[in-house]
Amino acid sequence: STARMRGVVTHGDTVYMAGPTATDKDADAAEQTRQIPAKIDERMKIAGTDKSKLLPATITICDMAAFAAMNGVWDAWIDPANPPCRACVQSPKLAHDGLLVEIMATAAK
């Protein structure tokens with residue numbers, strides 16, 4: 001966290017999470033996507049919730065050529081009984097060089 005933003009904000013029974021990115025900026029989009037759910041899981045645990053209570057998620061990906069690979073990782077992680085609403089958008093560049101995927105999510109408590 002910085003003075004600019006927090007990683008997690010809870011308002012009532014809703015948990016808003018900033019979009020985490022991968023730690024390994026040299027990894028491909030699939031591997032970067034594998035690294036992000038652990039960060040989301042950690043934030044949700046701290047806030048007293050879990051992935052079964054995800055509401056919407058927005059995935060930003062730099063190249064739609066990696067869409068299927070990213071979806072494979074996403075599909076393996078989400079709770080299949082309670083998948084969130086989701087949007088996926090392409091952005092040619094994220095905030096830091098080497099980042100290929102960012103996932104912003106909101107969950108109920």
Side-chain angles (χ1 to χ4, degrees):
S1 289
T2 66
R4 179 180 311 126
M5 61 178 252
R6 291 185 279 173
V8 179
V9 174
T10 300
H11 178 75
D13 289 332
T14 307
V15 179
Y16 302 89
M17 292 166 275
T21 55
T23 304
D24 183 358
K25 296 178 188 172
D26 294 323
D28 65 14
E31 178 55 34
Q32 286 195 20
T33 304
R34 278 187 199 86
Q35 295 174 20
I36 296 169
K39 293 180 179 185
I40 295 172
D41 285 336
E42 181 180 319
R43 290 175 181 182
M44 287 189 295
K45 184 177 179 181
I46 290 167
T49 191
D50 62 62
K51 66 185 176 184
S52 73
K53 297 180 182 163
L54 282 172
L55 299 170
T58 301
I59 299 172
T60 304
I61 189 168
C62 288
D63 185 354
M64 283 296 178
F67 185 71
M70 176 277 299
N71 271 332
V73 175
W74 173 264
D75 292 345
W77 171 68
I78 60 164
D79 179 346
N82 299 290
C85 298
R86 192 186 95 171
C88 185
V89 297
Q90 181 175 339
S91 174
K93 186 163 173 55
L94 295 177
H96 299 282
D97 288 339
L99 291 177
L100 305 174
V101 180
E102 180 177 12
I103 302 173
M104 187 170 183
T106 301
K109 277 194 130 187

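We number each residue from 1, following the sequence as shown. Heavy-atom basis, side chains included; hydrogens, waters and symmetry copies ignored.
- Nearest heavy atom pair, residue Arg43 against residue Val8, reads CB-CG2, 3.4 Å.
- Closest of all the heavy-atom pairs between Lys109 and Gly12 is CD-O, 4.0 Å.
- Between the CG atom of Leu94 and the CG atom of Leu100 there is a distance of 7.5 Å, given to the nearest 0.5 Å.
- Leu99 and Met104 fall into different hydrophobic clusters, where Ile, Leu, Val, Met, Phe, Trp and Tyr are joined by side-chain heavy atoms under 4.5 Å apart, directly or via other members.
- Both Met44 and Ile78 are assigned to one and the same hydrophobic cluster, defined by single-linkage of ILVMFWY side chains at heavy-atom distances under 4.5 Å.
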Q: Give the C-alpha distance, both sets of side-chain angles, the deciding distance and a yes or no for side chain to side chain contact (heavy atoms under 4.5 Å, CB included) between Gln35 and Asp24.
A: CA-CA 8 Å; Gln35 295 174 20; Asp24 183 358; 3.3 Å; yes

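- Side-chain contact check for Thr106 versus Thr14: some heavy-atom pair is nearer than 4.5 Å.
- Between Gly98 and Gln32 the shortest heavy-atom distance is O-NE2, 2.8 Å.
- Under the 4.5 Å side-chain heavy-atom criterion for grouping Ile, Leu, Val, Met, Phe, Trp and Tyr, Ile36 is connected to Trp77 within one hydrophobic cluster.
- In Lys93, the NZ atom is crowded: over 12 heavy atoms of neighbouring residues, nucleotides or ligands sit closer than 6.0 Å.
- Residues Thr23 and Lys39 meet the side-chain proximity criterion, which asks for heavy atoms closer than 4.5 Å.
- Asn82 places none of its side-chain heavy atoms less than 4.5 Å from the side chain of Lys53.
- If you take OG1 on Thr49 and CG on Leu54, they are separated by 7.5 Å, rounding to the nearest 0.5 Å.
- Lys45 and Glu42 are not joined by a salt bridge, as no carboxylate oxygen comes within less than 4.0 angstrom of a charged side-chain nitrogen.
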Pairs under 3.5 angstrom only: tabulate donor-acceptor contacts from the side chains of residues 60-75 to other protein residues two or more places apart or in another chain.
{"unit_1": "Asp63", "atom_1": "OD1", "unit_2": "Ala65", "atom_2": "N", "d": "2.9"}
{"unit_1": "Asn71", "atom_1": "OD1", "unit_2": "Arg86", "atom_2": "NH1", "d": "2.7"}
{"unit_1": "Asn71", "atom_1": "OD1", "unit_2": "Arg86", "atom_2": "NH2", "d": "2.8"}

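- A distance of 8.0 Å separates CG in Asp97 from NZ in Lys25, rounded to the nearest 0.5 Å.
- Considering all non-hydrogen atoms of both residues, Pro84 and Leu55 come closest at CB-O, 2.8 Å.
- Closest of all the heavy-atom pairs between Asp79 and Ser52 is OD2-CB, 3.0 Å.
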